[in-house]
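See structure below.
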Amino acid sequence: MTRAYNFSAGPATLPESVLLQAQAEMLDWHGAGASIVELSHRGPEFIQVAEEAEADLRTLMAIPDDYAVLFLQGGATGQQALIPLNFAAPGQKADYVLTGHWGKTAIKQAKPYVDVNIAASGEGEGFRGIPARADWQLSADAAYVHITANETIHGVEFRDTPEVGDVPLVADFSSSIVSEPLDVSKYGVIYAGAQKNLGPVGISVVIIRRDLLERAGQPRADIFTYASHLAKESMLNTPPTWNWYLAGLVFKWMIAQGGVAEFAQRNARKSALLYGVIDGSGGFYRNEVAAAVRSRMNVPFFLHEEALNKPFLDEAKAAGLISLKGHRALGGMRASIYNAMPEEGVQALAGFMREFQQRHG
Ligand SMILES: Cc1ncc(COP(=O)(O)O)c(C=O)c1O
């Protein structure tokens, strides 16, 4: 069996050693006589898995004690609705900085509950940059300011945490969490669907400054209440145990590899290599995102002729490089190069891109 280098944006490639460990533990987890997914989430085996995963994520991200960590069913889109429900009064203003497709989704999910103010938007420039902080029109009385830390489709990434004063900063880190060291204390809420950098699809991580949990928010069911999930340690109902377990294995793998500081260096090298090939191709390949905010996780690029898209994808696949087709909203190609994508995979892609240009240029 040969595993391809998989550039999928999510669900995304997982570390091979994690998959092998999960395979080895599949039938009998640590002598329990059953797989971890066959055991009660309230039993000692899974409690151990859950507690270790939280402790390891806290270590990886240096999460301060005054932040709660939740592991919740489902994806980031659900959090985009829960955030206004939990942290804003009905119809209260909330500021959104729109830098791509996922920011639009966040706004769509929030609109039934809050008065959305688009404080700044990169849409006029085709989402090729991030509006300068000085140009943001923030509301004085906003419940929070929402940003998308990394736009997975448009390949635009905040390189610094924007200063927003006393209003809590809420950030969708779905596609860049644990890609580099982060000062968690600058955020009110950090949320992420796991299926890019943390593990499998089906579970989200939500990191919340504890004082925000005291906000009344809006009328909602208990199951949509972050404070209730925290009170039950993310086991208000049956949690996605398999996903939580796999994410925990990814956290242990990351720690063993040297933690987020090490991954930040690898990610800088990997992304620089691909942008170098694109920028050095004389227009054969192009990426139009402003260099200062190019994503280090998702590298969208276009070939100079659309007719080359199919041969590019076919030949890449034959070379063991898969899932390079760009998102349908943008077209072209996209290489997602999360933590679990080894440097050799990116080197193989860079080599393939140069050869493809020689053959077709
Ligand atoms: C940045 C970002 N936010 C939100 C989402 C939506 O996540 P989900 O499909 O888990 O709801 C995605 C999915 O790709 C994403 O990349």
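Remember, it's 1-based here, ligands and their atoms both numbered in the order they're listed. Positions are given from 1, in the same order as the sequence printed here. Just so it is clear, the structure is predicted and the values come from calculations on it, not from any experiment.
The distance from ligand 1 to the heavy atoms of S174 drops below 4.0 Å at these ligand atoms: 1 (C), 2 (C), 3 (N), 4 (C), 15 (C).
Inclusion of T77 in the set of residues having an N or O under 3.5 Å from an N or O of ligand 1 is warranted. Backbone and side-chain nitrogen or oxygen atoms of D172 are examined, and one is located within less than 3.5 angstrom of a nitrogen or oxygen of ligand 1. The shortest N or O to N or O distance between K196 and ligand 1 is below 3.5 Å.
Using a 4.0 Å cut-off between heavy atoms, Q195 contacts ligand 1 through its side chain alone, with no backbone atom that close. Contacts between A76 and ligand 1 below 4.0 angstrom, taking non-hydrogen atoms only, involve backbone and side chain alike. Only the side chain of T152 comes within 4.0 Å of ligand 1, judged by heavy-atom distances. Contact annotation for N150 and ligand 1: only backbone heavy atoms (N, CA, C, O) come within less than 4.0 Å of the ligand.
Y338 places a side-chain N or O within donor-acceptor distance of the main-chain N or O of A9, the cut-off being under 3.5 Å.
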Before giving the answer on side-chain contact (heavy atoms from CB on, under 4.5 Å), spell out for V206 and L82 the whole-Å C-alpha distance, their side-chain angles and the decisive distance to 0.1 Å.
CA-CA 11 Å; V206 190; L82 293 187; over 6 Å; no

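Ring-plane geometry between F251 and F71 is classed as tilted, the angle between the planes lying from 30 to 60 degrees on a 0 to 90 degree scale. The aromatic rings of Y144 and Y96 lie perpendicular to each other, with more than 60° between the two planes, well past the 30° mark. Using cut-offs of 30° and 60° for the angle between ring planes, the Y191 and H146 rings count as tilted.
For the pair R359 and F356, the cation-pi criterion (under 6.0 Å, within 45° of the ring axis) is not fulfilled.
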